[in-house]
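Below is one structure, written out as structure tokens; comments come after it.
Just so we're clear, the structure is a prediction, and the values are computed from it rather than from any experiment. In each ligand, atom 1 is the first atom listed, and ligand 1 is the first ligand listed.
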Amino acid sequence: MRMVDIIEKKRNRQELTTEEINFFIKGYTDGTIPDYQASALLMAIYFQNMNDRERADLTMAMVESGDKINLSKINGIKVDKHSTGGVGDTTTLVLGPLVAAVGVPVAKMSGRGLGHTGGTIDKLESITGFHVEISTEEFIKLVNENKIAVVGQSGNLTPADKKLYALRDVTATVNSIPLIASSIMSKKIAAGADAIVLDVKTGAGAFMKTIQDAEELARAMVQIGNKVGRETMAIISDMSQPLGYAIGNSLEVKEAIDTLKGHGPKDLTELCLTLGSQMVYLSKQAKTIDDARKMLEEVITNGKALDKFKQFIASQGGDPSIVDDPEKLPKANYVVELPAQQTGWIEEIVADEIGTAAMILGAGRLTKESMIDLAVGIVLHKKVGDKVEKGDSLLTIHANKENIEEVKTLLYNNIKISPNEITQPPLIHEIIGE
Ligand code: URA
Ligand code: CA
């Protein structure tokens with residue numbers, strides 16, 4: 001088999017065989033196929049697309065390129081959730097204990113990553129003592145006993161994806177549905193998921209800016225999952241404004257606690273119930289999505305979800321008393337309100353720019369080496385559609401530096417107030433795969 005023939009075939013819009021896709025992924029991973037040939041094939045795929053079968057084959061070839069996490073010793077159907085990423089997305093912190101409380105095994109492997117705030121692990125590390133450096137045996141034991149544990153990333157998962165993603169980044173081939181869908185799905189499958197729930201975000205703070213693009217990506221991923229034997233569902237959710245109120249690490253832990261207590265932000269609560277119902281259903285803990293939702297509402301009301309969060313924290317070395325006393329979480333030195341400069345209705349809170357403001361405060365990492373400040377961030381008091389009077393606080397800034405003029409300007413420039421009434425945007429645009 002020759003790489004040049006594979007490139008030519010795809011260039012001419014022909015379908016690649018399973019063997020050809022495996023040859024490419026194996027050869028590129030071990031270095032026998034050079035970057036220039038891989039680049040040419042990526043560009044051919046970008047223009048000529050791939051059918052469902054090719055996409056599934058590409059996904060599984062990438063899964064097979066490295067280590068795979070074996071969760072077979074964990075009882076039950078392991079359902080993983082993936083979000084395409086947004087600003088102030090506190091869902092993982094809420095969903096874990098929420099679905100574990102009704103019996104879904106949550107075996108979460110998580111990273112730190114770059115972004116406006118830290119990743120799930122950084123957020124959890126704002127709880128004194130909490131750690132994710134646990135052995136595989138301990139991890140499996142905890143999930144079997146408590147239904148939930150989080151471990152830091154280890155092993156060499158999907159090296160083909162790492163190498164290809166870096167190459168796509170410099171060859172203008174990131175934005176391709178078959179390439180994005182196979183990249184995301186390969187990582188979830190290699191991490192051991194039996195079933196997958198996807199939250200594909202759309203809007204200013206999202207990777208996919210339009211609903212049409214988000215829908216195409218979601219459908220592509222659901223098709224791949226179902227083709228390779230991992231039941232998959234997806235929702236398209238709004239990320240034009242940040243999710244919930246809090247953006248920042250310890251601030252989001254507090255928001256997650258509020259949500260598990262049943263008085264969290266309306267949008268975050270709804271998103272967690274929607275995604276959570278799908279997870280419970282796919283894990284076969286409920287017969288219908290509606291039944292699943294009722295079970296989740298019940299564990300919020302009767303306190304079992306909150307108890308599960310406490311148990312989870314304690315079992316990984318954390319101080320569970322922060323759940324009853326969130327004041328113990330890291331706190332910033334300066335707490336500053338941002339007053340509205342006019343009366344009206346909130347028209348826009350541009351998610352990615354608000355995220356950038358949180359990052360400038362120190363809530364996120366610009367490079368892998370950056371230190372993150374767990375205490376800082378932003379807590380919104382208004383969301384799109386809310387009425388405001390001049391002088392009302394739009395949000396609270398939690399900072400550890402005195403001079404935050406740059407942040408205030410950025411925030412003012414990205415919160416638009418209209419003199420006319422504004423309707424709230426829908427949170428969930430679509431559900432795919434029911
Ligand atoms: N996120 C991924 O993991 N892969 C892509 O290709 C794009 C976004
Ligand atoms: Ca939030």
For Tyr334, does the six-membered ring have the charged nitrogen or CZ of Lys401 within the cation-pi criterion, i.e. under 6.0 angstrom from the centroid and within 45° of the normal? no
N, O or S from [X] under 3.0 Å to the Ca ion (ligand 2):
| X | value |
| --- | --- |
| Gly88 | yes |
| Ala246 | yes |
| Pro242 | no |
| Glu255 | yes |
| Tyr245 | no |

I'd like to know whether NZ of Lys162 has more than 12 heavy-atom contacts from other residues, nucleotides or ligands below 6.0 angstrom. yes
Are Phe23 and Tyr28, when compared by the centres of their aromatic rings, separated by less than 6.0 Å? no
Phe207 neighbourhood, listing ligand 1 atoms whose heavy-atom distance to it stays under 4.0 Å: 7 (C), 8 (C)
Enumerate the atoms of ligand 1 whose separation from the nearest heavy atom of Ser183 is less than 4.0 angstrom. 2 (C), 3 (O), 4 (N), 5 (C), 6 (O)
For a side chain to side chain contact (heavy atoms under 4.5 Å, CB included) check, start with the C-alpha distance between Val150 and Ile121, then their side-chain angles and the critical distance, and finish with the verdict. CA-CA 8 Å; Val150 175; Ile121 292 186; 4.3 Å; yes
NZ/NE/NH1/NH2 to OD/OE distance under 4.0 Å, Glu8 and Lys10: no
From CA spacing to verdict: side chain to side chain contact (heavy atoms under 4.5 Å, CB included), Val376, Leu251: CA-CA 8 Å; Val376 302; Leu251 298 169; over 6 Å; no
Using the side chain to side chain contact (heavy atoms under 4.5 Å, CB included) rule, take Arg53 and Glu15 through it: C-alpha gap first, then chi angles, then the decisive distance, then the call. CA-CA 9 Å; Arg53 203 221 84 243; Glu15 184 179 337; 2.3 Å; yes
Closest to atom 3 (O) of ligand 1 among Arg168, Lys187, Met185 (heavy-atom distance): Lys187
Tell me the protein heavy atom at minimum distance from atom 1 (N) of ligand 1, and give that distance in Å. Tyr165 OH, 3.5 Å
